[in-house]
Asks: 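After the structure tokens below, expect a handful of questions from me.
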2 protein chains.
Amino acid sequence: MGHSKDDKAESHERIVSVAAERIRESGTESPGVAEIMRAAGLTHGGFYKHFTNREELINEAVEHAMRENETDAAQVVSGADDPLAAFADWYVSTAHRDDPAHGCGVAALCTDVPHLGRPAQESYRAQVERYLARLQGLLASDDPDVRSRANVTLSAMVGAVMIARGLGATDRSDELLRDVLEAIQERRLLPPGRHVDGRREPK
Amino acid sequence: MGHSKDDKAESHERIVSVAAERIRESGTESPGVAEIMRAAGLTHGGFYKHFTNREELINEAVEHAMRENETDAAQVVSGADDPLAAFADWYVSTAHRDDPAHGCGVAALCTDVPHLGRPAQESYRAQVERYLARLQGLLASDDPDVRSRANVTLSAMVGAVMIARGLGATDRSDELLRDVLEAIQERRLLPPGRHVDGRREPK
DNA sequence: ATTATCTATAGATCTATAGATAATGC
DNA sequence: ATTATCTATAGATCTATAGATAATGC
């Protein structure tokens, strides 16, 4: 047993980190307090010295899952010849499909977030904004429709990984990921005739 | 109490139909047997005369959710001036975002399916195939890359609805849906320079 | 007589709490 | 003395079962 304040901070971090993995793998409802504490090397009784209730842990775990992934993204694009291609390569991959526990929280938690409280929804929204800001930077900046294109690109990336996860590690799943990756890397999501009037009217 | 064989068949259908709604709204783990039976106007005790266990219901409910949505899709495109535009309009919409219970099972259940058994995974896979077959029919048929384009289009459609659900009914969410809808309707997901060599090498 | 549904409940699991234990840190 | 963690357990909830009830259908 360790009982210093540092130990407690380490324990807290470990619980949140483990929970962030489990909820991306099995959803926010599935893993129990006892299971998460066991995975963190602790017993379930001590849990309530760290969190007022389970929901508080889930909120911290959602925020952790979102930010953890974002730091990975920054490393991937830094110093790449084609940063957009590197970003897409990292995201739209079989490795990402097969390891949701350490992957994108926007993809893994999209179905859970509507049933969670404000803090988790805000963590989700903020991470979508960070992805969109990053994509706008990676797409040609002289395009009046960068934001629209970032929305389309993010949708295709997230959708591909989600459908691929539903299909499992099959040839069909691999093919879908590869087709979406190529479409992004070859800039096929660009408008064929450029729009010069900026944002169009919503129908 | 009604006790005829017809009544039982109706009860069975009602239980599966209600379950198909609840699992798309809250995931396959969340709704309990008692809750589903109550929503079907029955008590929980009779459940096991219809299903050997909860998992069997979930399998039937997943299959039901997938097929129900597919018949809606067929109606939407039939007789439309621009069937692809009509299909995208129906799928990439705020109405679809705000009503997962009656919406696409591929979107609603993608995170649950990997944790379910073979039958549910097969239902999921089959519905992805039906969507892709439909999209290949709606996209220009003289294109050697229709299949690739169907994969990209489906990913963008599903991804847009999933992210939009995570964001909730906000301006940002509406904008994302509108941008993806326009990209599909204006055929912006087409390659700018056509590829005549068919399928390219996987890198 | 058969059977679809209902009432009641057993057994398992989960969140949260209470009190004990064994370190830390003034 | 304080407190981080552990053991034990209360109370709620969930799946599944058993036996009772009240219709159907030969």
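Proteins come first, then strands; the chains are lettered A, B, ... in the order of their sequence lines, and each starts at number 1.
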Asks: Is any side-chain N or O of B/S11 closer than 4.0 Å to OP1 or OP2 of C/dA4?
Replies: no

Asks: List, one per line, each side-chain donor-acceptor pair under 3.5 Å for residues 28-45 of chain B, sequence neighbours excluded.
Replies:
{"unit_1": "B/T28", "atom_1": "OG1", "unit_2": "B/D112", "atom_2": "OD2", "d": "2.6"}
{"unit_1": "B/E35", "atom_1": "OE2", "unit_2": "B/R22", "atom_2": "NE", "d": "3.1"}
{"unit_1": "B/E35", "atom_1": "OE2", "unit_2": "B/R22", "atom_2": "NH2", "d": "2.8"}

Asks: So if I take every side-chain heavy atom of A/H44 and compare against C/dC6, D/dA16, D/dA8, which nucleotide ends up nearest?
Replies: D/dA8

Asks: Can you name the salt bridge (Lys or Arg N to Asp or Glu O under 4.0 Å) partners of A/E63, sequence neighbours left out?
Replies: A/R67

Asks: Under 4.0 Å, heavy atom to any atom of DNA chain D: which of residues 18-42 of chain A qualify?
Replies: A/L42

Asks: Can you tell me which stems DNA chain C forms when a stem means 3 or more consecutive Watson-Crick or G-U pairs under 3.5 Å?
Replies: C:1-24 with D:1-24

Asks: Could you tell me the separation between the CG atom of B/L57 and the OH atom of B/Y48, rounded to the nearest 0.5 Å?
Replies: 9.5 Å

Asks: Would you give the length of the straight line joining atom CG of A/L116 to atom OH of A/Y124, rounded to the nearest 0.5 angstrom?
Replies: 11.5 Å

Asks: Between atom OH of A/Y91 and atom CZ of A/R97, what is the distance when rounded to the nearest 0.5 Å?
Replies: 14.0 Å

Asks: Round to a whole Å and report the spacing from NZ of B/K49 to P of D/dT21.
Replies: 15 Å

Asks: Counting just side-chain N and O atoms, does A/K8 come under 4.0 Å of either OP1 or OP2 of D/dA4?
Replies: yes

Asks: When you measure from the side-chain N and O atoms of B/Y48 to the phosphate of D/dA16, is any distance below 4.0 Å, counting only OP1 and OP2?
Replies: yes

Asks: Where along residues 50-57 of chain A does a heavy atom come under 4.0 Å from DNA chain C, residue by residue in number order?
Replies: A/N53, A/R54

Asks: Please determine if B/R187 and B/D82 form a salt bridge, counting it only when a charged side-chain N lies under 4.0 Å from a carboxylate O.
Replies: yes

Asks: To the nearest 0.5 Å, what is the distance between NE2 on A/H50 and CZ on A/R14?
Replies: 8.5 Å

Asks: List for me each residue that meets salt bridge (Lys or Arg N to Asp or Glu O under 4.0 Å) alongside A/E13, sequence neighbours excluded, and say none if there are none.
Replies: none

Asks: Judged by modelled atom types alone, do A/Q127 and A/R130 share a side-chain donor-acceptor pair under 3.5 Å?
Replies: yes

Asks: Between atom CD1 of B/I184 and atom CZ of B/R149, what is the distance when rounded to the nearest 0.5 Å?
Replies: 12.0 Å

Asks: What's the separation between atom CZ in B/R172 and atom OG1 in B/T170, rounded to the nearest 0.5 Å?
Replies: 8.5 Å

